[in-house]
Structures are given as C-alpha cells and as structure tokens.
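When a residue number appears, it is its place in the shown sequence, counting from 1.
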Amino acid sequence: MYTYQHHDDLRRLLAERGNMPVGKWSLFQLAYQAERQSLSQTFDELTCLSVLPGFVPFEHQVQTARRVINELHGRALLADEVGLGKTIEAGLILKEYLVRGLVKRALILVPASLVLQWTRELNEKFSIPAFAQRNEWSWTNYDVVVASIDTTKREPHRSTVLEQEYDLVIVDEAHKLKNQKTRNWQFINQVRKKYLLLVTATPVQNDMRELYNLIHLLRPGQLGTQETFASNYIEKKRSPKNPQALRTAVHEIMIRNQRQAAQLEFTERIVEAIPLSLSKEEAGLYDAVTHFIRDEYTRRKEAHRSVLSLVTLQREICSSSYAAMCTLETMMKDKRISVEEKMTLQEIYHQAEAVPTYTKVGRVIDMVKNINDKVIIFTEYRATQDFLLYMLQQSGIKAVLYRGGYKRGKKDWMKDLFEHKAQVLIATEAGGEGINLQFCNQVINFDLPWNPMRIEQRIGRVHRLGQTRPVYIYNFATMGTIEEHIVMLLQDKIRMFELIIGELDVILGPKTFENDVMTTFMESQSDVEIKARLSALAKRVQPKPVLMGENSMHDA
C-alpha cells in the first residue's frame with residue numbers, strides 16, 4: 001500500500017488525524033486526498049505534481065518519469081541531449097517515490113562542482129529536504145544526501161556508505177562509470193540500493209563496451225556477458241553489429257530525449273568564426289613547432305614511442321605560447337631525447353619567450369569590451385587560462401577562473417562571483433560539464449577541442465532550457481594553422497552548431513573523428529593535402545540517426 005508518509009504536511013496530518021476537529025474542512029480534504037492516494041496501485045499519473053503547484057515540468061520530463069517508474073521499475077539510464085533537463089527528470093522520479101512512500105533514503109552522487117546545484121534544485125523545485133554531505137555524520141543523519149562521488153568512494157566515507165541501505169541512488173555525469181576496472185564503477189556496483197538512476201548526455205564516447213558497463217550496473221545480464229555482448233553486437237569497438245537487436249535491448253533500460261522530438265522552443269544560436277592573422281613572430285613560432293613535430297612524429301612512430309606530447313604541443317601552440325612553453329619544458333626533461341632534439345626544443349622555447357604581441361588575447365580583450373555583457377571564454381589549457389586572466393585584469397576587466405582541481409566550495413564561489421561580480425568566466429573543460437549558466441548568453445571558444453560533443457557540452461552551459469536570449473558563439477581561428485582547418489571543418493562541413501548532437505552517431509563515437517584529425521595533420525605534407533583529407537573525413541561522418549533511435553522521445 002502506498003502512503004504520503006514523506007510529504008511533511010500530510011505526514012503531520014495523518015499523525016493527528018485521529019483527534020482532528022470536525023470543523024477543519026481544509027484538513028479533512030487533505031486527509032481524504034491522502035487516503036485516496038494511499039490506495040492507488042498505478043503510476044499512470046504523477047502524484048507529486050499535485051503537491052508541487054509552483055512547478056510545471058515539460059511534457060517530455062513527465063513522460064520520462066512515468067516510464068522509469070512504470071516500465072523500467074526505477075532502474076534507468078537517463079541520456080537526454082544536453083540542456084533538456086535530466087536533473088529535473090531525476091528529481092521528479094525521486095519526488096514521486098518519496099510521495100508514494102516507496103523511497104525513504106536516497107543518495108545522489110555528482111561531481112563536486114554540482115553538489116550545491118543539485119541540493120538547491122531538490123529543495124527549491126521539489127521541496128525535497130536534501131542535504132549536502134559535509135562530514136562523516138551526514139551519511140546517517142539525513143535521509144536524502146547529495147555528495148561528491150570522489151569524496152564518497154574514499155575512506156572513511158566509503159565504509160560508512162557501504163554499510164547503509166538506500167532505496168534510490170542517483171549518479172550524475174555517469175559516463176565516468178564507463179570502465180568496470182575503475183574505483184567509481186566498482187563502488188557504485190557495491191552500494192546497496194533498490195532503485196538506480198544513471199544520468200549522462202554521452203553514454204558512449206569511444207568504445208561500445210562503455211555502454212555495456214553502464215547497463216550492467218543497472219540490469220546485470222541485460223546485454224549478456226561481456227563475451228556474448230562482444231560476439232552479438234560488436235563488429236569493431238566503435239562499430240555495432242546487429243544494430244536493430246542492440247537498439248531493442250538498450251531501449252529497455254535507457255531513455256534519450258532529443259531536442260527535435262521534444263518539440264521545445266530554444267532560443268537562436270548565432271555562430272561566428274573569428275579569423276585571426278598571426279603576427280610575424282607568432283607565425284614563425286608556429287612554423288618552427290610544426291616542423292619539429294612532423295619530424296619527431298615520424299621518428300617516434302618508427303621507434304614505437306608515444307606521440308601524445310607532440311599532439312599536445314601542436315594543439316597548445318594554437319592556443320597560446322604560454323601553454324606551449326609548459327609542454328616544451330616537460331619535453332626537454334625527457335632523458336630519451338637526443339642532444340640535437342633538446343637544442344631544437346630550447347631554441348623554440350626562447351622563440352616563444354620572445355613573442356612581443358598576442359593576437360588572440362588582444363582580440364579577446366577588444367571583443368569583451370564591445371560585448372559589454374557577461375562572457376564565458378573556453379580554453380583547453382590552464383596556462384592559457386592563467387595568462388588570459390592576467391591580461392584581462394590588466395585591461396580593467398573583472399574575470400574569474402573555473403577549472404578542475406578546485407574544491408566544491410571554490411567552484412561554487414567562482415560561479416557566484418561570475419553571476420554577481422565579474423564580467424568574464426575563463427573556463428577549462430571542467431566548466432563545460434554540468435553547471436547551468438543561463439544568465440550568460442555569450443561564449444568565446446578561444447581554442448577548440450577536436451571533439452564535437454565537447455563543443456556541444458560547452459555551449460550547453462548557456463543554451464538550454466531557461467535561456468531567454470539568443471546565444472552568441474564566437475570561434476577563434478588562426479589563419480594558416482591547423483585551427484583554421486578545424487573551425488571550417490566543424491562549422492561548414494559537419495555544420496556542428498546547427499546539428500542536434502543526438503544526430504551524431506555516438507556509437508561510432510566522436511573520439512574516432514578526433515583521432516582521425518590528429519593523424520591527418522601529422523601525416524600530411526601540405527595544406528592542400530590536409531584540406532583534401534579533412535574533406536574526405538567530413539563526408540565520412542555526415543549526420544545520421546543515432547543507434548539509440550531517431551525521432552521518438554523514448555527511443556533508446
């Protein structure tokens with residue numbers, strides 16, 4: 001039998017119902033409604049909506065909650081596209097279970113930067129008394145706890161949590177559970193829970209086994225053993241076999257709402273490529289780095305040595321000389337490099353030190369002043385981030401940093417400073433994950449990742465439900481560099497910013513695209529060859545319906 005035992009007003013009312021004065025008609029009505037609901041045996045309607053009069057969810061969010069409770073029995077992968085409100089869906093499911101009396105204790109595990117955000121939303125939108133974990137006593141003192149997964153999996157917290165029994169566990173940014181060998185996956189697998197919700201916009205990033213690992217947490221055996229899954233569904237690690245059968249199996253555990261199918265009105269995206277011509281000194285530095293990298297790339301491939309630092313250096317030199325200098329210092333300390341290579345690196349380092357002007361930074365400062373509104377600047381590198389902060393401050397522009405490595409309190413503080421005090425937030429990829437910044441509608445991609453989904457994650461911080469203004473996205477492209485090719489490829493060939501990210505084939509994965517771009521650049525001998533090979537790559541990754549479904553909101 002279902003009860004309203006976790007809704008404060010009705011819980012109090014039911015406790016006092018025996019000696020309730022006859023004259024209190026309003027209390028009698030509440031008691032009558034409570035008794036009716038306690039006899040309900042179905043979830044065709046969400047009871048919780050009647051006790052949340054100030055909150056009106058979107059239809060796709062309501063339908064998702066119904067399906068999770070009715071059909072998936074409280075264990076589901078919520079994989080909506082960025083900005084469609086997966087947090088709201090999880091909150092609706094939690095609230096419905098609380099109201100029905102099927103959940104008393106819940107654990108919500110999220111990245112540290114999102115603990116306060118989740119806690120606020122559960123309290124303010126859903127009237128759920130959720131508490132942010134702060135010490136060892138939080139686990140047992142509160143029924144609904146929001147905590148950082150990184151804190152929770154460490155002792156002494158780990159042992160305490162594993163001793164508890166939870167009715168519902170929610171894990172946000174669940175793509176971090178994609179590997180069964182990680183402590184994150186193993187910890188979630190060990191937590192005792194009745195219901196489990198995994199929340200992520202990118203359930204597969206690089207390997208189809210990632211999807212298997214997520215679904216195995218929710219429903220072991222749904223996709224068979226690892227061996228049978230590989231035999232039945234994997235042609236290559238990024239290429240599915242029997243896609244229709246896999247779609248059917250995944251459909252029974254995952255929900256992926258898409259913007260197009262949800263028929264929601266989003267504000268306009270206005271995208272502009274900002275071409276920049278490097279100074280003579282900057283162009284000379286870029287050419288020197290590129291020449292060294294291509295020669296060294298060939299040598300390392302022949303010697304079966306890692307080329308990762310070369311790829312990093314090539315990308316950093318398009319970001320800023322400061323970012324490149326950090327990698328140059330690290331490479332010079334490598335004992336495996338020859339004296340000749342070290343001398344070349346030293347020459348490049350001194351060349352970087354001698355650059356007198358910074359074209360991209362100068363353009364950023366001019367744009368921020370002209371925009372005269374809040375701006376998020378995204379970069380991939382901390383050295384570039386620090387340099388941008390210094391230069392903006394020197395120009396009288398108030399800016400704050402946001403990046404991984406900051407503790408939860410500092411991330412929350414930086415977000416609040418940006419909203420109320422500063423004009424600019426300079427973020428690394430950590431700023432492209434999870435946080436909601438709808439009060440801003442201007443995004444500058446100072447340097448671009450070569451992964452379309454990561455770009456969408458960045459833009460999704462501001463272009464999401466609740467945004468009331470057009471969103472402006474500016475993509476910097478330094479002419480005569482690989483960055484020029486990347487911007488044009490993403491913007492013109494794949495039409496990245498006009499696409500709904502769900503239309504990209506996530507099973508084949510953006511990582512494949514990223515690796516192909518790297519190989520193309522390293523092995524091409526001229527700009528003409530780069531353009532030809534990238535054009536062929538673009539044709540190979542034309543938009544297509546994803547494996548998880550096409551237009552239905554409930555296709556998995």
Side-chain angles (χ1 to χ4, degrees), residues 273-293 308-332 345-369 375-395 397 399-405 424-432 443-451 454-455 458 473-487 490 517-518 521:
I274 307 296
L276 302 171
S277 297
L278 296 177
S279 67
K280 179 181 177 181
E281 293 82 4
E282 288 174 314
L285 175 61
Y286 176 85
D287 290 341
V289 168
T290 300
H291 181 73
F292 169 79
I293 285 174
L308 181 60
S309 62
L310 300 177
V311 173
T312 300
L313 180 59
Q314 180 63 54
R315 298 177 71 169
E316 285 173 338
I317 200 63
C318 291
S319 176
S320 72
S321 55
Y322 275 79
M325 286 166 67
C326 294
T327 297
L328 287 168
E329 286 181 340
T330 301
M331 292 174 71
M332 284 189 287
L345 289 171
Q346 287 175 333
E347 291 175 3
I348 294 174
Y349 185 89
H350 293 316
Q351 194 173 349
E353 283 184 310
V355 172
T357 59
Y358 308 97
T359 302
K360 293 179 81 172
V361 175
R363 187 61 179 272
V364 160
I365 293 171
D366 291 342
M367 288 182 63
V368 169
K369 288 180 177 179
V375 181
I376 303 174
I377 302 174
F378 278 108
T379 176
E380 293 201 88
Y381 308 105
R382 289 190 179 188
T384 297
Q385 190 185 34
D386 292 335
F387 184 52
L388 279 169
L389 177 66
Y390 172 78
M391 295 298 286
L392 287 168
Q393 290 176 338
Q394 292 299 304
S395 298
I397 298 170
V400 294
L401 302 180
Y402 193 98
R403 64 192 185 197
V424 177
L425 179 75
I426 312 169
T428 57
E429 293 306 318
V443 175
I444 296 176
N445 285 310
F446 188 84
D447 43 58
L448 283 171
W450 295 355
N451 183 326
R454 283 169 58 196
I455 300 170
R458 290 179 175 186
I473 302 126
Y474 307 98
N475 301 315
F476 279 17
T478 48
M479 297 296 98
T481 72
I482 184 62
E483 195 171 63
E484 175 186 2
H485 300 303
I486 296 301
V487 169
L490 291 177
V517 170
M518 292 178 184
F521 177 76

Quiz item: If every non-hydrogen atom of Cys318 is compared with every non-hydrogen atom of Lys360, which pair is closest and at what distance?
Solution: O-NZ, 2.7 Å
Quiz prompt | Straight-line distance of Cys326 SG to Tyr349 OH, nearest 0.5 Å | solution = 7.5 Å
Practice problem: Taking atom types as modelled, find out whether Thr327 and Glu316 have a side-chain donor-acceptor pair closer than 3.5 angstrom. | Solution: yes
Quiz prompt | Euclidean distance, Leu425 CG relative to Arg403 CZ, rounded to 0.5 Å | solution = 12.0 Å
Quiz item: What distance do Thr478 atom OG1 and Asp447 atom CG have between them, rounded to the nearest 0.5 Å?
Solution: 9.5 Å
Quiz prompt | Side-chain heavy-atom pair Ile348, Phe292 within 4.5 angstrom cut-off | solution = yes
Quiz item: Under a 4.5 Å cut-off applied to non-hydrogen side-chain atoms, are Val368 and Asp366 in contact?
Solution: no
Quiz item: Can you tell if the side chain of Ser395 reaches within under 4.5 Å of the side chain of Lys369, non-hydrogen atoms only?
Solution: yes
Quiz prompt | Distance-only side-chain donor-acceptor flag, Thr379 / Gln385, under 3.5 Å | solution = no
Exercise. Would you please test Asp287 and Val289 for side-chain contact (heavy atoms from CB on, under 4.5 Å) and show each step?
Key: CA-CA 5 Å; Asp287 290 341; Val289 168; over 6 Å; no
Practice problem: Looking only at non-hydrogen atoms, find the nearest pair between Ala399 and Gln393 and report the distance. | Solution: O-NE2, 4.2 Å
Exercise. Quick one: closest heavy-atom pair of Met479 and Pro275, and the distance?
Key: CE-CB, 3.8 Å
Practice problem: Decide yes or no for Leu401 and Asp386: does some side-chain heavy atom of the first lie under 4.5 Å from some side-chain heavy atom of the second? | Solution: yes
Quiz item: Do Thr359 and Glu282 have a side chain donor and acceptor closer than 3.5 Å?
Solution: yes
Quiz item: How long is the gap from CD on Gln394 to CG on Leu392, to the nearest 0.5 Å?
Solution: 10.0 Å
Quiz item: Tell me, do Phe476 and Leu276 make a side-chain contact under 4.5 Å, heavy atoms counted?
Solution: yes
Quiz item: So which heavy atom on Phe446 is nearest to which on Ser319, and how close?
Solution: CE2-O, 3.2 Å
Exercise. Give, for atom CD of Glu380 and atom CZ of Arg315, the distance between the pair rounded to the nearest 0.5 Å.
Key: 4.5 Å
Quiz item: Can you say whether the rings of Tyr358 and Phe387 are parallel (under 30°), tilted (30 to 60°) or perpendicular (over 60°)?
Solution: perpendicular
Quiz prompt | Contact check, side chains of Thr481 and Leu278, non-hydrogen atoms, under 4.5 Å | solution = yes
Exercise. Identify the two heavy atoms, one from Leu448 and one from Arg458, that lie closest to each other, and give their separation to 0.1 Å.
Key: CA-NH1, 4.3 Å
Quiz item: Would you say the side chain of Val424 lies within less than 4.5 Å of the side chain of Val400, judging by non-hydrogen atoms?
Solution: no
Quiz prompt | Student check: side-chain heavy atoms of His291 and Tyr286 closer than 4.5 Å | solution = no
Quiz item: Roughly how far, to the nearest 0.5 Å, is the OH atom of Tyr402 from the CZ atom of Phe378?
Solution: 10.0 Å
